[in-house]
Amino acid sequence: GFHAQEDRLVVVPLTDLLAERRSVPGGRRHRAFHRAQAVGVGTLREGDLVVHAFHGIGRFQRMARIQLAGVETDLVQLAYRDNDRLYVPVHKIGLLSRYRAASDAPAPRLDRLGGQTWQARKRRVKDAMLATAHDLLALYARRSVATCEPLPPPGDLSRRFAATFPYDETPDQAAAIEDVDRDLAGTSPMDRLVVGDVGFGKTEVAMRAAARVVEAGRQVAVLCPTTVLAYQHHQTFTERFGGFPVKIAMLSRFSGHADTRDTLAGLAAGEVQIVVGTTRLLGRSVRFRDLGLLVIDEEHRFGVRQKERLKKLRTEVHVLALSATPIPRSLSMALSGVRAFSTIATPPEDRLAIRTRIARFHPDRVREEILREMARGGQVFLVHDRIRSLPALARLLARIVPEARVETTHGAMADDELEAALVRFIRRKADVLLTTSIIESGMDLPNVNCMLVNRADRFGLAQLYQLRGRVGRSWRRATCVLLVPSDTALSRKATRRLRVLLEHTDLGAGFQVATADLEHRGAGEILGENQHGHLDAVGFDTYVDLLEEALAEAQGEARRRRLEPEVEVPVPAFLPESLVEGVEERLGWYGRLAAADTPEEVRSLLDALEEQTGDLPQEAVHLGWLLQTRLRCRDLGIARLSWLRVRVEAVLAEESPVRRERLAALADRWPNRFAVTSEGHLHVRFTPEEAEAPFRFLHWLLRLVEEEAVDRPATPPTPSPRRRSRRGGGG
């Protein structure tokens, strides 16, 4: 909003009155990845390795505020080989990323400024990845040419099912539902990966898709890696579809012979619309009358043989995969654009982050944690890594916490015995569930808000994250204690895994954990067994960019070079310490702003900053307008935009979509205002009044160039310098 005193006008945005923010459509594909990258820039410490997109691997030294041509600005100082230094303006911090590679990779050598080693190394990695890209595309070629009958628009059943959802959809959840609906309406089979933190609503996305497929007269199969998860999903689907004419069945170890026989007959006859099960769903005895949708939960946990069967199904039916922490191969495929990708990073209302700690194992500590949770009426998961030593741990619990009722479960138990033990715990007839990792997926018990993981150093990163997600599924603050041996030193890899969990305790951190898993284990050759590949040579972020380029070339797409425009406007554009105090937090905001893909995203981030800090100072407003101007220049193919003494100079890149002949015609019509040089540079004169609001003038100019680029000549309006917006005088 703004106040125009001369016109006696006060403009108040509707969002300020309603306290709502309109979500920016589009551009969701890599937004979560950009968030993760921005967080990485925000956690830089002195001495950390960074990668500059054009200059290669350097070392972060500090953030400095200096004066350039009489204008104060923030710069990031990097060190390169031979004591060379590079200063990067904060509005171009998007060119930087933390150097991230495999956990056991040796520290790389710094690149030399102005040298050719970095570009040569990138070319070698890209050439090697082209072969991978061709193999990858061959794998998905059959799917790309497959066609299917598009589903009709959502009808009465889908609308009523959505209306019975007892909560408000989070913005990311609503966006994922829209993505899936759009896929189901297409003429190619859907293959979408939905990544979301545990308890963030991925299952509801799957159930909305299931309702639409069932309404279209087709069947749905929900494939789970464990019997426990299948049992939990069957309960959830049955409750959610209660009151609707939908028959839901289960195929797993918990199913009796008679139930299995009836389910198989019902699937073949089309009487069972939704079936939830384990790998038994992939058996030859299972026949569907008309399978329309396959939902796969935690796909990475299936074996090679099952994945081959899933690969075949992908060319025939819609596939929706759900994952809280996708393994490196799934994540790198999603990032590279091979699979459609939706992220749910918005936490549900009233959800609290899980308090995570690491402790040496001691009986007194175990007793203290269990009694504390029991005192507030809660239950406890105690996870152990070995079945054979569970009885000894159970005896220890009986001795140190005799007041606690303990139930023991593991994957080698008989089906009926396992089910009975789980049901007793679910019904709160036990205080502690002593178990193996079989509970890492599917256990959704709001009353369990304390987890102890014994020998946490033996679990994988994704597995630990999944286990931690079994608690904290209510309004109560949950605790996860990672217990390590008291008499054994941890390995370097185990220490790094546990540190990642400690660093990522905030809500919605699943994507960052998956990204950390990717850099620790390496993406490497997506189709091969080499886990490190070429990631160490260029770092994770550059690896992903090169993979995208290789895939685009393998598909025959002429991918336009990503332009990084130089925008030079002599105004202070930075975040003052009075607005954001700490260097780390300031770097984080710079990273998020630089990672924005559209001017709308920049404005949305400024809104969020303003909500936290109050009215933005002029320097911060200028920074926002500078970033928006760069994004508009990138779209128009303007390589450099310079604010000079009495004119603006715009230098067009070779691949610019701007029609040069239209600019020449513009100069012919208004020779006192516009001129085009023999090199094709555009010069535009401004008045002293217009110079008072440079970004308003640039907004007008870029809008005019945009109109000329699409062959729509128009009489240029005269920009008025009087009404100046609080956001920097822009339109």
Side-chain angles (χ1 to χ4, degrees), residues 2 38 41-42 44-46 50 52 55 58 60-79 84-96 113 564-596 599 602-603 605-610 612-633 640-649 686 688-699 721 724-730:
F2 60 89
V41 172
L44 284 175
R45 302 281 194 280
E46 183 180 346
V50 296
H52 189 287
H55 300 292
F60 173 74
Q61 292 187 315
R62 66 187 181 112
M63 188 166 70
R65 179 162 301 158
I66 64 174
Q67 285 209 354
L68 288 177
V71 177
E72 202 173 18
T73 187
D74 276 350
L75 298 169
V76 174
Q77 180 178 312
L78 305 179
D84 286 344
R85 286 192 178 90
L86 176 69
Y87 292 92
V88 182
V90 289
H91 64 268
K92 301 181 75 172
I93 204 172
L95 296 173
L96 302 181
L113 280 181
E564 295 296 340
E566 297 280 351
V567 178
E568 301 165 356
V569 182
V571 296
F574 57 90
L575 300 178
E577 288 90 342
S578 58
L579 184 73
V580 183
E581 290 186 11
V583 172
E584 183 177 322
E585 187 179 358
R586 209 152 61 245
L587 271 173
W589 276 107
Y590 282 138
R592 285 188 286 272
L593 286 164
V602 174
R603 287 195 288 270
L605 284 166
L606 288 175
D607 286 342
L609 180 59
E610 188 175 41
Q612 288 185 18
T613 62
D615 287 347
L616 299 181
Q618 199 64 38
E619 296 91 344
V621 174
H622 284 160
L623 176 65
W625 276 106
L626 181 63
L627 291 168
Q628 293 178 61
T629 303
R630 286 189 77 242
L631 289 171
R632 295 184 67 185
C633 286
R640 191 175 77 246
L641 189 69
S642 303
W643 186 275
L644 304 177
R645 198 166 186 178
V646 293
R647 59 186 169 84
V648 171
E649 181 184 44
F686 50 78
E689 278 189 321
E690 291 166 347
E692 294 178 11
F695 287 111
R696 158 173 283 225
F697 182 83
L698 292 177
H699 170 77
R724 300 184 60 184
S725 147
R726 186 168 50 87
R727 284 291 161 85

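Heavy-atom basis, side chains included; hydrogens, waters and symmetry copies ignored. Computed from a prediction, not measured in an experiment: that's the story for all the values here.
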Measuring from [X]:[atom1] to [Y]:[atom2], what's the distance to the nearest 0.5 Å?
{"X": "Leu75", "Y": "Tyr87", "atom1": "CG", "atom2": "OH", "value": "8.0 Å"}
{"X": "Leu627", "Y": "Lys92", "atom1": "CG", "atom2": "NZ", "value": "12.0 Å"}
{"X": "Gln618", "Y": "Leu623", "atom1": "CD", "atom2": "CG", "value": "12.0 Å"}
{"X": "Leu698", "Y": "Leu641", "atom1": "CG", "atom2": "CG", "value": "5.5 Å"}
{"X": "Leu593", "Y": "Arg603", "atom1": "CG", "atom2": "CZ", "value": "13.0 Å"}
{"X": "His52", "Y": "Ile93", "atom1": "NE2", "atom2": "CD1", "value": "10.5 Å"}

*Counting only heavy atoms not in Glu46, do more than 12 fall under 6.0 Å of its CD?*
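Counting other residues, nucleotides and ligands, CD of Glu46 stays at 12 neighbours or fewer.
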*Between Phe686 and Phe697, how do the two ring planes meet: parallel, tilted or perpendicular, split at 30° and 60°?*
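Plane angle over 60°, so perpendicular.
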At their closest point, which heavy atom of [X] faces which heavy atom of [Y], and how far apart are they?
{"X": "Val90", "Y": "Ala573", "result": "CG2-O, 4.4 Å"}
{"X": "Pro617", "Y": "Leu579", "result": "CD-CD1, 3.8 Å"}
{"X": "Glu610", "Y": "Asp615", "result": "OE2-OD1, 3.8 Å"}
{"X": "Val602", "Y": "Ala596", "result": "CG2-CB, 3.7 Å"}
{"X": "Thr613", "Y": "Leu616", "result": "OG1-CD2, 4.0 Å"}

*Carefully, step by step, assess Val88 and Leu78 under the rule side-chain contact (heavy atoms from CB on, under 4.5 Å).*
CA-CA 8 Å; Val88 182; Leu78 305 179; 4.1 Å; yes
*Passes side-chain contact (heavy atoms from CB on, under 4.5 Å), Leu587 versus Val76? Steps please.*
CA-CA 9 Å; Leu587 271 173; Val76 174; 4.2 Å; yes
Less than 4.5 Å apart, side chain to side chain, heavy atoms only: is that true for [X] and [Y]?
{"X": "Pro572", "Y": "Thr73", "answer": "no"}
{"X": "Val569", "Y": "Val71", "answer": "no"}
{"X": "Leu626", "Y": "Val571", "answer": "no"}
{"X": "Val580", "Y": "Leu609", "answer": "yes"}
{"X": "His622", "Y": "Phe695", "answer": "yes"}
{"X": "Gln628", "Y": "His699", "answer": "no"}
{"X": "Phe574", "Y": "Met63", "answer": "no"}

Please check this pair: side chain of [X] against backbone of [Y], looking for a donor-acceptor N/O pair closer than 3.5 Å.
{"X": "Arg640", "Y": "Glu566", "result": "no"}
{"X": "Tyr590", "Y": "Gly94", "result": "no"}
{"X": "His55", "Y": "Leu113", "result": "no"}
{"X": "Arg586", "Y": "Glu581", "result": "yes"}

*asked:* I'd like to know if Glu564 pairs up with Arg630 as an ion pair, taking the criterion as any Lys NZ or Arg NE/NH1/NH2 lying under 4.0 Å from an Asp or Glu carboxylate oxygen.
replied: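 Answer for the salt bridge query: yes.
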*asked:* Side chains of Glu649 and Ser642 only: does a donor on one sit below 3.5 Å from an acceptor on the other?
replied: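 The answer is no; no qualifying pair exists.
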*Quick one: do the Gln61 and Gln77 side chains pair a donor with an acceptor below 3.5 Å?*
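Gln61 vs Gln77: donor-acceptor pair found between side chains.
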